[in-house]
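Have a look at the structure below before the remarks.
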Amino acid sequence: MPDLPKRDAPEPPARSGVPRETDAERRRRRDRFLRELTEARELRDRVQPRRAKSARLRHAMRMRTFRW
(Lines give C-alpha, C1' and ligand atoms only; values in the text may rest on other atoms or scores of the structure.)
Protein backbone atom coordinates (compact mmCIF):
# COMPACT_ATOMS: atom_id res chain seq x y z
CA MET A 1 0.00 0.00 0.00
CA PRO A 2 1.45 3.41 -0.91
CA ASP A 3 2.38 5.85 1.79
CA LEU A 4 -0.50 8.27 2.28
CA PRO A 5 0.13 11.79 3.56
CA LYS A 6 -0.78 12.30 7.19
CA ARG A 7 -3.65 14.67 7.85
CA ASP A 8 -1.74 16.27 10.70
CA ALA A 9 1.29 16.89 8.50
CA PRO A 10 2.31 20.53 8.13
CA GLU A 11 1.52 22.25 4.86
CA PRO A 12 4.29 21.79 2.29
CA PRO A 13 6.37 24.88 1.62
CA ALA A 14 5.57 26.97 -1.43
CA ARG A 15 7.49 26.10 -4.58
CA SER A 16 10.56 28.23 -4.94
CA GLY A 17 9.96 31.30 -7.04
CA VAL A 18 6.15 31.06 -6.70
CA PRO A 19 4.87 33.31 -3.89
CA ARG A 20 1.83 32.16 -1.91
CA GLU A 21 -1.43 33.90 -2.76
CA THR A 22 -2.65 36.11 0.07
CA ASP A 23 -6.25 36.14 1.27
CA ALA A 24 -6.73 39.65 -0.10
CA GLU A 25 -5.55 38.59 -3.56
CA ARG A 26 -7.79 35.54 -3.49
CA ARG A 27 -10.82 37.66 -2.47
CA ARG A 28 -10.03 40.21 -5.18
CA ARG A 29 -9.79 37.47 -7.81
CA ARG A 30 -13.04 35.91 -6.56
CA ASP A 31 -14.83 39.28 -6.62
CA ARG A 32 -13.70 39.87 -10.20
CA PHE A 33 -14.90 36.39 -11.20
CA LEU A 34 -18.32 36.92 -9.59
CA ARG A 35 -18.70 40.33 -11.26
CA GLU A 36 -17.89 38.83 -14.66
CA LEU A 37 -20.27 35.94 -14.02
CA THR A 38 -23.09 38.35 -13.14
CA GLU A 39 -22.33 40.42 -16.22
CA ALA A 40 -22.43 37.30 -18.42
CA ARG A 41 -25.79 36.26 -16.94
CA GLU A 42 -27.24 39.73 -17.53
CA LEU A 43 -26.02 39.66 -21.13
CA ARG A 44 -27.56 36.22 -21.67
CA ASP A 45 -30.85 37.45 -20.22
CA ARG A 46 -30.86 40.41 -22.63
CA VAL A 47 -30.01 38.25 -25.62
CA GLN A 48 -32.48 35.46 -24.77
CA PRO A 49 -35.45 37.17 -23.06
CA ARG A 50 -37.84 34.23 -23.48
CA ARG A 51 -35.41 31.85 -21.78
CA ALA A 52 -34.78 34.40 -19.03
CA LYS A 53 -38.52 34.81 -18.42
CA SER A 54 -39.10 31.06 -18.19
CA ALA A 55 -36.12 30.76 -15.83
CA ARG A 56 -37.62 33.49 -13.62
CA LEU A 57 -40.99 31.70 -13.59
CA ARG A 58 -39.35 28.37 -12.72
CA HIS A 59 -37.40 30.00 -9.91
CA ALA A 60 -40.57 31.68 -8.57
CA MET A 61 -42.39 28.34 -8.63
CA ARG A 62 -39.54 26.65 -6.74
CA MET A 63 -39.58 29.40 -4.13
CA ARG A 64 -43.37 29.15 -3.73
CA THR A 65 -43.27 25.39 -3.16
CA PHE A 66 -40.18 25.45 -0.91
CA ARG A 67 -40.96 24.88 2.77
CA TRP A 68 -38.96 26.88 5.28
Side-chain angles (χ1 to χ4, degrees):
M1 187 157 159
D3 292 332
L4 298 175
K6 295 180 182 177
R7 291 183 184 200
D8 300 332
E11 194 173 304
R15 287 180 264 156
S16 60
V18 181
R20 298 276 306 184
E21 184 179 41
T22 64
D23 285 344
E25 290 169 341
R26 188 184 65 78
R27 281 194 300 271
R28 206 174 358 242
R29 196 166 43 89
R30 181 177 182 272
D31 288 343
R32 185 176 56 225
F33 169 77
L34 291 175
R35 273 195 309 273
E36 291 172 357
L37 181 63
T38 302
E39 183 181 335
R41 285 182 176 153
E42 290 171 355
L43 175 63
R44 185 186 61 199
D45 290 349
R46 282 196 307 270
V47 172
Q48 301 175 336
R50 189 182 318 162
R51 185 174 290 178
K53 180 180 179 183
S54 61
R56 273 196 314 275
L57 293 173
R58 278 194 307 274
H59 180 69
M61 183 62 71
R62 271 198 314 271
M63 296 314 286
R64 255 182 270 148
T65 58
F66 183 76
R67 300 222 178 228
W68 293 98

Next item on the list: Calculate, to the nearest 0.5 Å, the distance between atoms CG and CZ belonging to Leu34 and Arg29 respectively.
Entry: 11.0 Å
Note to self: Do Glu39 and Arg35 make a side-chain contact, defined as non-hydrogen atoms from C-beta onward lying under 4.5 Å apart?
What the structure shows: no
Check: So do the side chains of Lys53 and Arg50 get within less than 4.5 Å of each other, counting heavy atoms only?
Finding: no
Note to self: Is any side-chain heavy atom of Arg56 closer than 4.5 Å to one of His59?
What the structure shows: no
Margin query: If I take atom CD from residue Glu21 and atom CZ from residue Arg27, how far apart are they, to the nearest 0.5 angstrom?
Written below: 10.5 Å
Checklist line | Distance, nearest 0.5 Å, that separates CZ of Arg26 from CG of Asp31 | finding: 9.5 Å
Notebook entry, point to check: Glu25 side chain to Thr22 main-chain N or O, any donor-acceptor pair under 3.5 Å?
Noted result: yes
Next item on the list: Output the distance between atom CZ (Arg44) and atom CZ (Arg51), rounded to the nearest 0.5 Å.
Entry: 8.0 Å
